[in-house]
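Here the structure is laid out as structure tokens; the discussion comes afterwards.
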Amino acid sequence: MNITPKTENLTLSQQAEFIALVTTFSVIIGVCYKVGFYQSKGVEALWILQLFNPSDFIKANLEVYGFYTVAALYMAKVFDQKIEERSLEFTVQGVIMIFLAIFFYFSIDYPLVFYGYIFFSFLAFYLVLYRKLVGKSIGILILLFIPWHMGGSAIENVGGINKLPTAILEEVNSPKTWYLLDQYSDKAILISNGIEKNDFKIIDLKDIKYIENNSK
């Protein structure tokens, strides 16, 4: 009879806990993004959140995972070094990041807030990994605030509802112009500007004839 070594059991258990932790964290991050998005000015439809499942929340915004992965790996690497090496690493990397930020800001024209997300991602993981309870709590709040703010500013960043892609529906003589706001599973969430409030429509993706891009 084969007996699995205790150390191997422990490793498998730790792996399972890590996967569960990352999955839970990803869902929470996605919820924060969606809350910010659906409570933003021009949308204001938090009721739509009930339509999403955990998988939809995880896929809500992949960009923020990039920020967090790089920040977590960097902080883990730097703070595993001696104090002298750590200080030199911070100085060199800080100068490089500043020059890269200036270059990309003027060449690609990223909004300034983009670099704020990067900076506060690094700060948050530093607080979570290496500070005590108060610092860890502040770090966690920052990690939740970033996706919420990204979601809340998403419509504004594209120029408003009218700059979203226009969904041309299969139905003939639709009296309203419908814009593609979001999607989940095989459904599309459409929004149309109203006089006093916006209207929403949830349809199957197959019911969209084609989509027109309204961005510049």
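Between Ala72 and Leu129, the shortest heavy-atom distance links the atoms O-CD1, 4.3 Å. Between Phe200 and Ile48, the shortest heavy-atom contact is CD2-CD1, 3.9 Å. Taking every heavy atom of both residues into account, Ala188 and Leu205 meet most closely at CB-CD2, 3.6 Å. Across all their heavy atoms, Phe52 and Gln183 have their closest contact at CE2-O, 4.2 Å. Considering every non-hydrogen atom in both Ala124 and Leu143, the closest pair reads CB-CD2, 3.5 Å. Closest approach of Tyr65 and Ser26 over heavy atoms only: OH-O, 3.2 Å.
With sequence neighbours left out, Phe145 forms a ring pair (Phe, Tyr, Trp, His ring centres under 6.0 Å) with Trp148, His149. Applying the ring pair (Phe, Tyr, Trp, His ring centres under 6.0 Å) criterion to Phe67, with sequence neighbours excluded, gives Phe114. Legend: residues meeting ring pair (Phe, Tyr, Trp, His ring centres under 6.0 Å) with Phe125, ordered by chain and number and at least two apart, are Tyr68. Contacts of Asn61 classified as side chain to side chain donor-acceptor pair (under 3.5 Å), with partners at least two apart in sequence or in another chain: none. The salt bridge (charged side-chain N to carboxylate O under 4.0 Å, His left out) search around Asp204 returns Lys187, Lys206, not counting sequence neighbours.
Within the model, atoms CD1 of Ile155 and CD1 of Ile191 stand 7.0 Å from one another, a figure rounded to the nearest 0.5 Å. In this structure, the separation between CD1 on Ile161 and OH on Tyr179 is 9.0 Å, given to the nearest 0.5 Å. The distance from atom CG of Asn53 to atom OG of Ser185, rounded to the nearest 0.5 Å, is 7.5 Å. We find the OH-CE distance between Tyr117 and Met150 to be 5.5 Å, quoted to the nearest 0.5 Å. Interatomic distance, OG of Ser153 versus CZ of Phe37, reported as 10.5 Å (0.5 Å rounding). Note that the NZ atom of Lys41 and the CD atom of Glu156 stand 9.5 Å from one another [nearest 0.5 Å].
Figure legend: Lys34 and Phe57 shown without cation-pi pairing, the cationic atom not lying both under 6.0 angstrom from the six-membered ring centre and within 45 degrees of its axis.
Residues Asn198 and Val43 are not in side-chain contact: their nearest non-hydrogen atoms beyond the backbone lie 4.5 Å or more apart. Annotation: side chain of Leu190 is not in contact with side chain of Leu181 (no heavy-atom distance under 4.5 Å). Counting heavy atoms from C-beta outward, Leu127 and Lys136 have side chains that stay 4.5 Å or more apart.
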| task | List the steps, then state whether side-chain contact (heavy atoms from CB on, under 4.5 Å) holds for Ser121 with Ile146. | result | CA-CA 8 Å; Ser121 295; Ile146 290 175; 3.7 Å; yes
| task | Give the C-alpha distance, both sets of side-chain angles, the deciding distance and a yes or no for side-chain contact (heavy atoms from CB on, under 4.5 Å) between Ile211 and Thr166. | result | CA-CA 6 Å; Ile211 294 175; Thr166 302; over 6 Å; no
| task | Please report the C-alpha distance between Leu164 and Val158 in whole Å, then the side-chain angles of each, then the deciding distance to 0.1 Å, and finally whether the side-chain contact (heavy atoms from CB on, under 4.5 Å) criterion is met. | result | CA-CA 7 Å; Leu164 293 173; Val158 300; 4.1 Å; yes
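The environment of Phe25 atom CZ is dense: over 12 non-hydrogen atoms of other residues, nucleotides or ligands sit within 6.0 angstrom.
Residues Trp47 and Tyr184 share a single hydrophobic cluster, defined by chaining ILVMFWY side chains whose heavy atoms lie under 4.5 Å apart. In the hydrophobic cluster analysis, where Ile, Leu, Val, Met, Phe, Trp and Tyr join through side-chain heavy atoms closer than 4.5 angstrom, Ile29 is grouped together with Leu46. Side-chain heavy atoms closer than 4.5 Å link hydrophobic residues (I, L, V, M, F, W, Y) into clusters, and following such links, possibly through other members, connects Val128 to Val70. Under a hydrophobic-cluster definition in which Ile, Leu, Val, Met, Phe, Trp and Tyr are linked whenever side-chain heavy atoms come within less than 4.5 Å, directly or via other members, Val134 and Ile140 are assigned to the same cluster. Hydrophobic clustering of Ile, Leu, Val, Met, Phe, Trp and Tyr side chains at less than 4.5 Å, counting indirect connections, unites Leu62 with Val31.
For the pair Tyr33 (side chain) and Ile28 (backbone), a donor-acceptor distance under 3.5 Å is absent. Side-chain atoms of Gln39 never come within 3.5 Å of backbone atoms of Gly36 as a donor-acceptor pair (strictly under, hydrogens ignored).
Side-chain atoms of Tyr38 and Asp182 form a donor-acceptor pair, as typed in the model, at a separation below 3.5 Å.
Hydrophobic cluster of Leu141: no remaining members, since no ILVMFWY side chain lies below 4.5 Å from it.
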